[in-house]
Amino acid sequence: MKINSIRGVKDILPGEIEKWRWVETVAHEIFSRYGFKEIRPPIFENSALFARSIGETTDIVEKEMYTFTDRGGEQITLRPEGTASVVRAYIEHKMHYPPSVVKLYYLGPMFRYERPQAGRFRQFYQIGVEAMGSANPAIDAEAMAMLLEFFKDLGLSGLQLQINSLGCQNCRPAYRETLKAAIRRHLGDLCANCNQRHERNPLRVLDCKVERDREIARGLPKTKDHLCQDCQTHFEEVQTLLRTAGTEFSLDPLLVRGLDYYTRTTFEVVSSSLGAQNAVCGGGRYDSLVEEFEGPQTPCFGFALGLERLILSLPPDKTENIGSPPDVYLVSLGVETQRETFRIAQELRASGLFVERDYEENPVSLKSQMRKANAKACRFALILGENELKSGKLVLKNMANGEQTEIPSSDLAREIQNRLGK
RNA sequence: GUGGGCGUAGCUCAGCUGGUAGAGUACUGGAUUGUGGCUCCAGGCGUCGCGGGUUCAAAUCCCGUCGCUCACCCCA
């Protein structure tokens, strides 16, 4: 019986995984330098957590969640995003004591039931960052500047930071009504989708991708013209600070985003080197979410970036030669040498060397083993044949210049370490 | 959920209007009796995605089905 992987998921194989580890290492370094600490929430939660935080009328909740009933009768959902879990953990562990800004990041798989395509999977990985406990625009600007620094260190180019402000609980309701009224005048011209959603989620009409709708959207009232004084000031300060940090950005008044919890600043980073799914990172401020889950008033800013998309857009020269080759390829000839080959390999590894060998039970030719040593770019080939077994001296060949020397088997580790300069 | 493209060797792919498979690469051996990279020679490899139909004959034509992929919706 042949069983394949599930649609929309994939194995990350050796050769590919090195890129992942490199990206993760860079993220850990930079985020740590900005004072963010790692958190690892579970990958499944009570379904209600996601439904209430992301929004009942969003696509994620309406049709994309992996939900099941467990044996105890609980409604469980594989997390479609990370912010909800972090907010839950923040409240559950009372991280607001003592009062200070809590800066967290996480890394791991997310799950959404969608049709896969380039840069979109049913299990996909995100690195997310959440700064909790401050409404200071410096938080917004600092997080976005950190993000761009991260991209720069990875050697990414062709990225664009787009920002917008969605207002707050004070100014959004009025804007929402204004927008609805304006949309109503165009209902006949808008797509079926927009006709449906203008009542429940009118802001989403703004970022409809249908060309004719985009024309109309450009003429609709924009959030940025309907912000209250506080939101206006906040948004302007975010822009000022971004300029101070030397972070390039552009304003996109149609940037709305599909999760309901966003307030004030929202942003996306899009890459020109991806296909239709070009958003590498998205995020923004969510100032009321903690309160909605019965935590204290806690303004927050966060973002999540898609690792598959990030890795797809890495420049090729950055991803070559990741990982190091073996120090020694241990060549063995003849069946009589097999046990000694095993013993020497273990001894050299115990001394810290990276040793590869051949595992054919009926040893293949010396030529073939030398080819493998070469193909794996090994620094040295160490040859053990029947002659060497008798004399107790092995042949060590430097693969770069072809020089060979005989080394007593008792001195192997030390001699190789010396030649490697270790 | 809808639409386009594609499923042939481990990998990348060729195979025209039907005559039951081929190249490159990789692998193994040899030229070089126990020495890699370059070159040359030789060798093995296939349920032609699966099922059915048409036909003397199907990788090729028809129908169905599964899978992959790209795109729409939406998003990381």
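If you're wondering where the values come from, they're calculated on a predicted model, not measured in any experiment. Chain A is the first sequence line, chain B the second, and so forth, proteins listed ahead of strands; every chain is numbered from 1.
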Checklist entry - Does B/G22 have a Watson-Crick or wobble partner in any strand here, with both distances under 3.5 angstrom, and which is it? => result B/C13
Item to check | Identified pairing partner of B/G43, criterion: Watson-Crick or G-U wobble below 3.5 Å | outcome: B/C27
Next on the checklist: Can you measure A/K367 atom NZ to B/C27 atom C1' for me and round it to whole angstrom units?
Outcome noted: 14 Å
Checklist entry - Below 4.0 angstrom from OP1 or OP2 of B/C27, is there any side-chain N or O of A/S368? => result no
Next on the checklist: By the 4.0 Å heavy-atom rule, please label A/E81 as base, sugar-phosphate, or nothing.
Outcome noted: nothing
Next on the checklist: Between P on B/C74 and CD1 on A/I54, what's the gap in Å once rounded to a whole number?
Outcome noted: 17 Å
Checklist entry - Between A/K397 and B/G37, does any side-chain N or O lie under 4.0 Å from OP1 or OP2? => result no
Checklist entry - If you look at every strand shown and take non-hydrogen atoms under 4.0 Å, does A/N4 touch a base, only sugar-phosphate, or nothing? => result nothing
Checklist entry - If we take the C1' atom in both B/C13 and B/C63, what is their distance in whole Å? => result 28 Å
Next on the checklist: Can you tell me which nucleotide in B/G34, B/G36, B/C72 comes closest to the side chain of A/N374?
Outcome noted: B/G36
Next on the checklist: Give me the distance, rounded to whole Å, that separates B/U28 from B/C16 when you measure between the P atoms they each carry.
Outcome noted: 34 Å
Next on the checklist: Heavy atoms only, 4.0 Å cut-off, all strands: where does A/Y125 land among base, sugar-phosphate and nothing?
Outcome noted: nothing
Checklist entry - Which comes earlier along RNA chain B counting from the 5' end, the contact point of A/A276 or that of A/E268, where each point is its nearest nucleotide? => result A/A276
Checklist entry - Just by distance, with hydrogens left out, do A/Q75 and A/T67 show a side-chain donor and acceptor under 3.5 Å apart? => result no
Checklist entry - What is the distance, rounded to the nearest whole Å, between atom CD of A/E114 and atom P of B/C70? => result 14 Å
Next on the checklist: Quick check for you: among B/A76, B/U28, B/A71, whose closest atom lies nearest to any side-chain atom of A/R371?
Outcome noted: B/U28
Checklist entry - Using the P atom in both, what is the distance from B/G43 to B/C38, to the nearest Å? => result 22 Å
Next on the checklist: With a 4.0 Å cut-off on N to O distance, would you call A/R343 and A/E340 a salt bridge?
Outcome noted: yes
Checklist outcome for this item: Paired to B/G1 by Watson-Crick or G-U wobble criteria (both distances under 3.5 Å) is B/C72
Checklist outcome for this item: When both distances are under 3.5 Å in a Watson-Crick or G-U wobble arrangement, the nucleotide paired with B/C48 is none
Next on the checklist: Taking any heavy-atom pair under 4.0 Å as a contact, classify A/G402: base, sugar-phosphate, or nothing.
Outcome noted: base
Next on the checklist: Within the 4.0 Å heavy-atom criterion, would you say A/A304 contacts the bases, only the backbone, or no part of the nucleic acid?
Outcome noted: sugar-phosphate
Next on the checklist: The side chain of A/M370 is closest to which nucleotide in this list: B/U35, B/G30, B/C70?
Outcome noted: B/U35
Checklist entry - Tell me: CD of A/Q117 to P of B/U2, nearest whole Å? => result 16 Å
Checklist entry - In whole Å, what separates the C1' atom of B/U8 from that of B/C50? => result 14 Å
Next on the checklist: Taking A/R79 first and then A/E45, would you say they form a salt bridge - that is, a charged N and a carboxylate O separated by under 4.0 Å?
Outcome noted: no
Checklist entry - Between atom CZ in A/R379 and atom P in B/G36, what is the gap in whole Å? => result 21 Å
Item to check | Which residue lies more 5' along RNA chain B, comparing A/E308 with A/A118 via nearest heavy atoms | outcome: A/A118
Checklist entry - Taking NZ from A/K63 and C1' from B/C75, how many angstroms apart are they, rounded to a whole number? => result 11 Å
Checklist entry - Is A/R40 salt-bridged to A/E38, going by a charged N under 4.0 Å from an acidic O? => result yes
Next on the checklist: Between B/G15 and B/G49, how far apart are the two P atoms, rounded to whole Å?
Outcome noted: 15 Å
Item to check | NZ/NE/NH1/NH2 to OD/OE distance under 4.0 Å, A/E336 and A/K390 | outcome: no
Next on the checklist: Is a donor from one side chain sitting under 3.5 angstrom from an acceptor on the other, for A/E292 and A/S53?
Outcome noted: no
Item to check | Interatomic distance, A/I60 CD1 vs B/A76 P [rounded to whole Å] | outcome: 6 Å
Item to check | Among B/A76, B/U28, B/C72, the nucleotide that comes nearest once only the side chain of A/Q126 is considered | outcome: B/A76
Checklist entry - Which part of the nucleic acid does A/L259 contact within heavy-atom distance under 4.0 Å: base, sugar-phosphate only, or nothing? => result sugar-phosphate
Checklist entry - If we take the P atom in both B/C27 and B/G52, what is their distance in whole Å? => result 39 Å
Checklist entry - Do the numbers put A/K10 on top of the ring of A/F121, so that NZ or CZ is under 6.0 Å from the six-membered ring centre and no more than 45° off the axis? => result yes
Item to check | N/O donor-acceptor pair, side chain A/R309 with base B/C75, under 3.5 angstrom | outcome: yes
Checklist entry - For the base of B/G34, is there a side-chain donor-acceptor partner from A/Q369 under 3.5 Å away? => result no
Checklist entry - Looking at the side chain of A/R7, which of B/A76, B/G29, B/G67 is the nearest nucleotide? => result B/G67
Next on the checklist: Closest approach to the side chain of A/N278, judged atom by atom: which nucleotide of B/A71, B/U28, B/C75 is it?
Outcome noted: B/C75
Checklist entry - Any side-chain donor-acceptor pair under 3.5 Å between A/T266 and A/N164? => result no
Checklist entry - Side chain of A/Q404: nearest nucleotide among B/A76, B/U35, B/C74? => result B/U35
Checklist outcome for this item: Pairing partner of B/C6, by Watson-Crick or G-U wobble and under 3.5 Å for both distances, is B/G67
Checklist entry - Are A/R419 and A/E415 close enough for a salt bridge, meaning some N to O gap below 4.0 Å? => result yes
Item to check | Whole-Å P distance, B/U65 and B/G1 | outcome: 13 Å
Checklist entry - Taking atom P of B/G1 as reference, at what distance in whole Å does atom CZ of A/R115 sit? => result 7 Å
Checklist entry - If you look at every strand shown and take non-hydrogen atoms under 4.0 Å, does A/E388 touch a base, only sugar-phosphate, or nothing? => result base
Next on the checklist: Nearest to the side chain of A/I383, heavy atoms from C-beta on, is which of B/G29, B/G34, B/A71?
Outcome noted: B/G34
Next on the checklist: If I pick the P atom on B/C48 and the same atom on B/C56, what distance separates them, to the nearest angstrom?
Outcome noted: 23 Å
Item to check | Nucleotide forming a Watson-Crick or wobble pair with B/A59, both distances under 3.5 Å | outcome: none
Next on the checklist: At 4.0 Å (heavy atoms only), tell me whether A/R112 reaches a base, stays on the sugar-phosphate, or touches nothing.
Outcome noted: base
Checklist outcome for this item: Answer for the Watson-Crick or wobble partner of B/G34, both distances under 3.5 Å, is none
